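Quick note on labels: first sequence line is chain A, next is B, and so on, each numbered from 1. Predicted, not measured: the structure shown is a model, and the values here were computed from it.
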There are 2 protein chains.
Amino acid sequence: MHIIHTIQALREWRKTAGSVAFVPTMGNLHEGHLALVREAKKHADNVVVSIFVNRLQFGQGEDFDQYPRTLQQDADKLADEGVAVVFAPDEKELYPNVEQRYNVEPPYLQNELCGKFRPGHFRGVATVVSKLFNIVAPDAACFGKKDYQQLAIIKGLVEDLNFNIKIIPVDTGRAADGLALSSRNQYLSDSERAEAPRLYRELQKAAASISAGSTDYAGIEEQAAAALVAAGWSVDYFEIRHAENLAVARQGDKKLVILAAARLGKTRLIDNLEVSTV
Amino acid sequence: MHIIHTIQALREWRKTAGSVAFVPTMGNLHEGHLALVREAKKHADNVVVSIFVNRLQFGQGEDFDQYPRTLQQDADKLADEGVAVVFAPDEKELYPNVEQRYNVEPPYLQNELCGKFRPGHFRGVATVVSKLFNIVAPDAACFGKKDYQQLAIIKGLVEDLNFNIKIIPVDTGRAADGLALSSRNQYLSDSERAEAPRLYRELQKAAASISAGSTDYAGIEEQAAAALVAAGWSVDYFEIRHAENLAVARQGDKKLVILAAARLGKTRLIDNLEVSTV
């Protein structure tokens, strides 16, 4: 496995490589990431994993500085998975002009759901992913459904900007008690960790109501949010949306997704669950 | 020469083609465009020319509807030049969602100079060029210095978004009397056509002052604009800027460019001239 730090060296390697499936990450890899890598292996001769903590997608007061950086452990895990290349540029390599002047600007969806609480986040994601796509030139790229809104935005930008890349969604990895795997889970205290699976349980309850025929989406949302608040959470949102375009769910929509973001202490967790109406 | 109308067919052709130099155009080709094509031929096995009148870069009240569409004549000229592929998609092929949702957003420069008079123009240019780059996947692309601000913006986006494409600037083609070649020259009446070369003469005068040592950039700008107004022009701007980043020219800058946009009757003409300080 090659660990490559510069764009030039990555491009040099790319010239003679066959097909490439790409998994962009911010490192601190857990089983959820490794599931992306295993899926990627099915789609190309080589898997390239990028590890880059992207300042552009962090807001003021967010955890950019404390975000765990664990390159050596990450590389060991990826070598075990048969990854061809780890691309780990430093900030100067990706942002040589200090300021990123040209940005990929997503539509209004960037200001909803997580975007409402993280201004500029999805612009930062769309921009760095576009950069990485242009550097890695993959044939396919894997994104986790855990970051459902991010996946929708990546799909949209690939379509609208005509990237010739197949986007492969990968199901969310979960702990035995249902908690979605996330680098941020390690910020949880023991008692918070014990409480954390409630988020997924509320998503499951809401999905069960919808599967049973309820179309009182506002009522379902309110009930779930209230249950979380009663258990000590601060709820950023708990919303039922159209599964493809993430528009607010309407009567007659067949495929929905329930998305939630809520905080336990200082840790912000997100999760979601797709559901079909009857 | 192939005339290709769909993205899929273009990508199919691209798979087995060698290197590609790309010339994006809006058609209605004149000698200026053919100079771009001839330059492109020096840089790759194949030249691909796109012809697409891009609605996104036209403002309200601009000449999108009346912009000349002359595909057959354009294709004949390009065949004579040994072009490999003309890529001529229709609007639905490039904008299947009616609205372009994801845009490439240039920095504040997009609101200066021509951008001040054409809101959204450079966002439209940056977005369609990014799309075309992703579709054509060229090794190099030629842009005329006639559209100097556009060239600066393309260079910037290639750098910032890491497109692996060499941008080749090509000198402005001119009529014998100095008028920069432009599709919009055909809108000029006979008397306007006779007057039009004054724009370039004023650029030359300003360049001569700078070459002779003057650093009174504001004075030079005012004098040139006044001369144009006296001759019946409406002047959008006449400005001296840093040749690379297009920042307002400052004492000590070595490489400058003088840029102008002015209207004769209903026709808006632009031109520019690079100059070195002493």
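Between chain A and the options B:L109, B:V104, B:L157, heavy-atom pairs under 4.5 Å are most frequent for B:L157. Of the listed residues (B:A137, B:P106, B:P96, B:G156), the one with the most heavy-atom contacts under 4.5 Å to chain A is B:G156.
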task: Start with the C-alpha gap between B:N134 and A:N134, add the side-chain angles, then the distance that decides, and say whether side-chain contact (heavy atoms from CB on, under 4.5 Å) holds.
output: CA-CA 9 Å; B:N134 283 339; A:N134 283 338; 3.8 Å; yes
task: Would you please test A:Y102 and B:V158 for side-chain contact (heavy atoms from CB on, under 4.5 Å) and show each step?
output: CA-CA 9 Å; A:Y102 293 74; B:V158 164; over 6 Å; no
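Residue contact with chain A, scored on non-hydrogen atoms closer than 4.5 Å, is absent for B:R123. Proximity to chain B (any heavy atom under 4.5 Å) is shown, for A:N164, by both the backbone and the side chain. Looking at A:I153, the atoms closer than 4.5 Å to chain B (heavy atoms on both sides) sit in the backbone and in the side chain alike.
Side-chain contact between B:L161 and A:T127: present, with at least one pair of heavy atoms (C-beta onward) separated by less than 4.5 Å.
Pairing each heavy atom of B:N162 with each of A:R11, the nearest pair is O-NH2, 2.7 Å. Closest approach of A:Q100 to B:D160, counting heavy atoms only: NE2-O, 3.0 Å.
Counting heavy-atom neighbours within 6.0 Å of A:R69 CZ, excluding the residue itself, gives a total above 12. Heavy-atom contacts from other residues, nucleotides or ligands closer than 6.0 Å to CD of B:E244 number 12 or fewer. For B:E91, the CD atom is densely surrounded, since the number of other residues' heavy atoms within 6.0 Å is greater than 12. More than 12 non-hydrogen atoms from other residues, nucleotides or ligands lie less than 6.0 angstrom from CD of B:E62.
To the nearest 0.5 Å, atoms CD (B:E105) and CZ (A:R101) are separated by 14.5 Å.
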